[in-house]
Novice: 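Below: one structure in structure tokens.
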Amino acid sequence: MKINKKIINLKGLRCPDTMLFLRKKLRSIKIGELILIISDDITMKREIHLLCNFSNYILINSNTMKIPYLYYLKKILKLK
């Protein structure tokens with residue numbers, strides 16, 4: 001079984017551009033796809049959690065001990 005993976009590189013962007021660019025890129029992601037987000041913006045530590053709380057993504061793993069920060073997300077189908 002093939003797992004689709006996407007990489008979104010946000011290095012060099014700062015808030016609010018980071019989230020605007022990320023949300024635009026996430027529109028093309030299909031349910032079940034894994035996403036690796038690479039960022040050097042410290043505000044992403046908080047923004048990723050907010051994104052996952054209010055949309056169809058779960059945070060699988062993150063590495064925020066050093067720059068660049070890495071976030072692994074998966075798009076899911078949220079039932080309301």
Side-chain angles (χ1 to χ4, degrees):
M1 179 164 104
K2 183 182 176 194
I3 298 174
N4 291 332
K5 294 182 237 174
K6 302 283 184 189
I7 298 173
I8 301 175
N9 187 349
L10 302 174
K11 289 191 294 187
L13 294 176
R14 296 292 174 258
C15 192
D17 295 335
T18 309
M19 286 309 293
L20 293 172
F21 187 80
L22 178 59
R23 291 178 72 89
K24 180 180 177 183
K25 289 289 187 180
L26 289 177
R27 287 186 195 128
S28 66
I29 303 296
K30 296 182 174 115
I31 293 172
E33 283 188 318
L34 297 174
I35 307 120
L36 168 60
I37 299 169
I38 304 168
S39 177
D40 56 359
D41 184 4
I42 196 161
T43 62
M44 285 296 287
K45 289 181 179 183
R46 178 184 43 140
E47 295 294 330
I48 286 291
H49 292 286
L50 291 172
L51 173 74
C52 291
N53 284 339
F54 295 106
S55 60
N56 296 346
Y57 299 93
I58 57 172
L59 181 62
I60 296 172
N61 196 2
S62 65
N63 183 351
T64 57
M65 298 301 287
K66 62 178 181 159
I67 295 175
Y69 306 122
L70 304 174
Y71 305 95
Y72 299 91
L73 304 178
K74 183 175 185 179
K75 185 167 185 177
I76 60 169
L77 178 62
K78 240 185 208 178
L79 300 175
K80 294 183 180 185

Novice: Would you check if the side chain of Tyr57 reaches a backbone N or O of Ile35 as a donor-acceptor pair within less than 3.5 Å?
Specialist: no
Novice: Return the CD1 to CG distance between Ile48 and Asn53, rounded to the nearest 0.5 Å.
Specialist: 11.5 Å
Novice: Check the hydrophobic clustering (I, L, V, M, F, W, Y; side-chain heavy atoms under 4.5 Å; chains of links allowed) and say if Tyr69 and Phe21 are grouped together.
Specialist: yes
Novice: What are the two closest non-hydrogen atoms of Leu36 and Tyr72, and how far apart are they?
Specialist: CD1-CE2, 3.4 Å
Novice: Leu13 and Asp41: which non-hydrogen atoms are nearest, and at how many Å?
Specialist: O-CB, 3.6 Å
Novice: Out of curiosity, Ser62 OG to Met44 CE, how far, rounded to the nearest 0.5 Å?
Specialist: 11.0 Å
Novice: Please tell me whether Ile29 and Leu22 are part of a single hydrophobic cluster in this structure, the criterion being side-chain heavy atoms less than 4.5 Å apart.
Specialist: yes
Novice: Do you know which two heavy atoms are closest between Ser39 and Leu10, and how far apart they sit?
Specialist: CB-CB, 4.2 Å
Novice: Looking at every non-hydrogen atom in both residues, tell me the closest pair between Lys75 and Lys30 and how far apart they are.
Specialist: CB-O, 3.7 Å
Novice: To the nearest 0.5 Å, how far apart are CD in Glu33 and NZ in Lys5?
Specialist: 11.5 Å
Novice: Ile8 vs Leu26, test: side-chain contact (heavy atoms from CB on, under 4.5 Å). Steps then yes/no.
Specialist: CA-CA 9 Å; Ile8 301 175; Leu26 289 177; 4.0 Å; yes
Novice: For Tyr71 and Leu59, work out which heavy atoms get closest and say how close.
Specialist: CB-CD1, 4.3 Å
Novice: Measure the NZ-CD1 distance between Lys25 and Ile7 for me, rounded to the nearest 0.5 Å.
Specialist: 12.0 Å
Novice: Taking all non-hydrogen atoms of both residues into account, name the closest pair between Lys11 and Pro68 and its distance.
Specialist: CD-CB, 3.9 Å
Novice: Is Arg14 atom CZ crowded by more than 12 heavy atoms from other residues, nucleotides or ligands, each under 6.0 Å away?
Specialist: yes
Novice: Which value, rounded to the nearest 0.5 Å, describes the distance between Ile42 atom CD1 and Ile67 atom CD1?
Specialist: 7.0 Å
Novice: What's the spacing between Asn63 CG and Ile38 CD1 if we round to 0.5 Å?
Specialist: 11.5 Å
